[in-house]
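Each chain gets a letter, A, B and so on, in the order the sequences are listed, and its residues count up from 1. Here the structure is a predicted model, which is why all the values come from computation and not from measurement.
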Amino acid sequence: MRVVRVRYAPSPTGTLHIGGARTALFNYLFARHEGGHFILRVEDTDQSRQIEGSEAAMMRGLKSLGIVWDEGPDQDGGYGPYRQSERLHRHQAMADRLLAEHKAYRCFCTPEQLEQDRAQRQAQGLPPRYSGRCRGLTEDDVRARAGERSVVRFKAPMEGDTVVHDLIRGDVRFDNRIFDDFVIMKPDYTPVYNFAVVVDDHDMGITHVIRGEEHLPNTPKQIFIYEALGFEVPAFAHLPMILAPDRSKLSKRHGATSVEEYRDQGILLGALANYLLLLGWSSPDGREILTIDEAAQEFTLERVQHTAAIYDQKKLEWMSHEYMIALPVEQVADAVRSFISYSTETGPEFLAVVGLSRERAFTLVQLAEQMRFFYEAPESYEAKGVAKHFGPGAVERLEALAERLAHQDDWSHDALLAAYDQLSEELGVKRAELIHPTRLAVTGRTVGPGLFELVELVGREASVERLRQAAERIRAGLV
RNA sequence: GACCCCAUGGUCUAGAGGCCUAGGACAUCACCCUUUCAAGGUGGUAACCCGGGUUCGAAUCCCGGUGGGGUCACCA
């Protein structure tokens, strides 16, 4: 049995889109499961559409999700080059061959002519197909017009059926009469996608073409080419699409669509990969939290869904939170660093702060924000909290608290709890009436970690200082 | 419009003729816990698109309809 070889072949026109990421991921998972090779090929034939730095961005995106390729532009595996533009001689050689064998022909029709044809057919209610005007040109005709602008068209079959054996959907049958003689080489004698992809996939020994569903209608054309060239046809598998919540194609107006944007939102990328692999696939035992490696163990195309999936930001964030609390704290700490805009040089130990704060953060952006007060005293207090906890008697309670804590030697969680209990008894107020004003004074917020854990970490000096500060501000009418 | 794909709660899905009184997860609601929030615990609301067949029996098979999506480039 031949070793499995699959590829992800993005066009370098931007950053890694989550649809592309999912396709890459499924290819990768399949390769790993089958003990095969995963290849990265850059489809950069159309120079005009390229975006500078895009190839590097794609690679970064894939790596950040934990997808590694066995062969690619930066990783030779003996099947290179891995940039389509560098394979031009192969495309041209194959086009030459098709021309020589009369399986393709020169077409001199101008774009204007074609546009006219199209309009005419449309007026007659016919589907827009190439007329075949140049199909009958003799070799003398072609020689005579040698200098003219021309493209190469493939002679599509005019009868019969073509069946795509799709590993996910089963056999899909197409009536060959719906295909016209499509262009395979542009006027500058560079290939069009449907042609280049076949030559490259063949040359690279690709055994399984796993790609988005949008490619399914093009597959018969590619099969024509495989057959015309005498190449073995690979197996195909067309993945369901990922749709926006309104069932339309995912686009910028739906918010984040690229891996980069999710990273900037502070979504943990391990979680993103995990979420993505669940879009259209499920593990046999129903587990939802699993790493790429774990998924690769069980990944089969048979378990891939046929239906388009609508992506759900809520579930993604939930998953990010799951990773947030499950990952080693050091890892979360490393990840959150780039989101922090305040100094953490002085103040409580970073890892401890991360450990305490991560429990209620869904993204790294949130985490960074929730960690802020450990390093910076609040400058203002949440209005809702002021109304609730800084009312009559609050100043006295805050001052009493400051006074008591200033002399509190045992600064452990339990000792602090005992101190609050004692003071609440002395003052004849409920413990909560001490706790909430403290939280607000120390953090500026009404929500956060358990008070005693938090105060323990903030430390005595800073805590007392913030209690006094709050009392003063209230007296001065500043809050 | 033509061709192709698809159809289980709001969302992701399990389900390959009887195991389904349709299971899990997210979201949502209620309650519990409690020092707030989050987490956690318990419970609840909520789905087999419709119509015909096939079969003793259909979410599962077939046909039709409807709906959604995709493709129809000298883009990839």
Could you work out which one of [options] sits closest to the side chain of [X]?
| X | options | result |
| --- | --- | --- |
| A/His413 | B/rC12, B/rC37, B/rU35 | B/rU35 |
| A/Asn194 | B/rA25, B/rA76, B/rU13 | B/rA76 |
| A/Asp312 | B/rA73, B/rU11, B/rU35 | B/rU11 |
| A/Thr45 | B/rA76, B/rC26, B/rG70 | B/rA76 |
| A/Arg247 | B/rG68, B/rU35, B/rA76 | B/rG68 |

Checklist line | Of A/Glu359 and A/Met185, the one whose closest RNA chain B nucleotide lies more 5' | finding: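 It is A/Glu359 whose nearest nucleotide is closer to the 5' end.
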Note to self: Reading RNA chain B from 5' onward, which residue's closest nucleotide shows up sooner: A/Val304 or A/Gly448?
What the structure shows: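 With A/Val304 and A/Gly448 compared, the 5'-side residue is A/Val304.
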Hunt down the Watson-Crick or G-U wobble partner of [N], both distances under 3.5 Å, from any strand shown, or write none.
| N | value |
| --- | --- |
| B/rG43 | B/rC29 |
| B/rC72 | B/rG1 |
| B/rA59 | none |
| B/rU35 | none |
| B/rG67 | B/rC6 |

Notebook entry, point to check: Pick from A/Tyr130, A/Phe154, A/Phe195: which one makes a ring pair (Phe, Tyr, Trp, His ring centres under 6.0 Å) with A/Phe182?
Noted result: A/Phe154
Side-chain heavy atoms of [X] within contact of [Y], under 4.5 Å:
| X | Y | answer |
| --- | --- | --- |
| A/Val304 | A/Pro240 | yes |
| A/Arg253 | A/Ser248 | yes |
| A/Cys134 | A/Cys109 | yes |
| A/Thr162 | A/Phe179 | no |

Next item on the list: Please answer whether B/rG70 and A/His238 are stacked, defined here as ring centres separated by less than 5.5 Å and planes angled under 30°.
Entry: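 Check failed, A/His238 does not stack on base of B/rG70.
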Please answer whether the main-chain N or O of [Y] pairs with a side-chain N or O of [X] as donor and acceptor at a distance below 3.5 Å.
| X | Y | result |
| --- | --- | --- |
| A/Lys103 | A/Ala228 | yes |
| A/Arg397 | A/Pro437 | no |
| A/Asn218 | A/Asn194 | no |
| A/Arg106 | A/Val142 | no |
| A/Arg466 | A/Thr443 | no |
| A/Arg87 | A/Pro81 | yes |

Using a heavy-atom cut-off of 4.0 Å across all strands, would you classify [X] as base, sugar-phosphate, or nothing?
| X | result |
| --- | --- |
| A/Ser150 | nothing |
| A/Gly280 | sugar-phosphate |
| A/Leu114 | base |
| A/Val183 | sugar-phosphate |
| A/Gly286 | nothing |
| A/Pro284 | nothing |
| A/Pro240 | nothing |
| A/Arg149 | base |

[X] has an atom [atom1]; how far is it from atom [atom2] of [N], in whole Å?
| X | N | atom1 | atom2 | answer |
| --- | --- | --- | --- | --- |
| A/Glu453 | B/rA39 | CD | C1' | 13 Å |
| A/Gln370 | B/rA39 | CD | P | 12 Å |
| A/Glu288 | B/rU11 | CD | C1' | 12 Å |
| A/Asp44 | B/rA76 | CG | C1' | 11 Å |
| A/Gln313 | B/rU11 | CD | P | 17 Å |
| A/Asp246 | B/rU11 | CG | P | 12 Å |
| A/Glu456 | B/rU35 | CD | C1' | 15 Å |
| A/Arg211 | B/rG70 | CZ | P | 17 Å |

Notebook entry, point to check: Which of these passes side chain to side chain contact (heavy atoms under 4.5 Å, CB included) with A/Leu405: A/Leu423, A/Thr438, A/Leu467?
Noted result: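 The passing option is A/Leu467.
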Side-chain N or O of [X] closer than 4.0 Å to phosphate OP1/OP2 of [N]:
| X | N | result |
| --- | --- | --- |
| A/Thr446 | B/rU36 | no |
| A/Lys384 | B/rU36 | no |
| A/Lys249 | B/rU71 | yes |
| A/Lys186 | B/rA76 | yes |
| A/Arg121 | B/rC72 | no |

Rounded distance in Å between the [atom1] positions of [N] and [M]:
| N | M | atom1 | value |
| --- | --- | --- | --- |
| B/rG53 | B/rG44 | C1' | 39 Å |
| B/rA27 | B/rU45 | C1' | 12 Å |
| B/rC4 | B/rU8 | C1' | 23 Å |
| B/rC72 | B/rG15 | C1' | 36 Å |
| B/rC26 | B/rC63 | C1' | 37 Å |
| B/rU11 | B/rA46 | C1' | 12 Å |
| B/rU55 | B/rC49 | P | 23 Å |
| B/rA25 | B/rG68 | P | 32 Å |

Margin query: Below 4.0 angstrom, which residues in residues 424-436 of chain A have at least one non-hydrogen atom near RNA chain B?
Written below: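 A/Arg431, A/Ile435, A/His436 - these, ordered by number, are the residues of the stretch whose heavy atoms sit under 4.0 Å from the strand.
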Next item on the list: Sugar-phosphate atoms are those with a prime plus P, OP1 and OP2; base atoms are the rest. Using that split, label each nucleotide of nucleotides 2-7 of chain B B, S or - for protein heavy atoms under 4.0 Å, 5' to 3'.
Entry: -SSBSS
Checklist line | Under-3.5 Å donor-acceptor pair between A/Arg439 side chain and B/rU35 base | finding: yes
Margin query: Regarding A/Arg83 and A/Asp44, does a basic nitrogen lie under 4.0 Å from an acidic carboxylate oxygen?
Written below: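 Not counted as a salt bridge, because no side-chain N and carboxylate O are separated by less than 4.0 Å.
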Check: So is A/Arg153 actually on top of A/Tyr105's ring, under 6.0 Å and inside 45° of the axis?
Finding: no
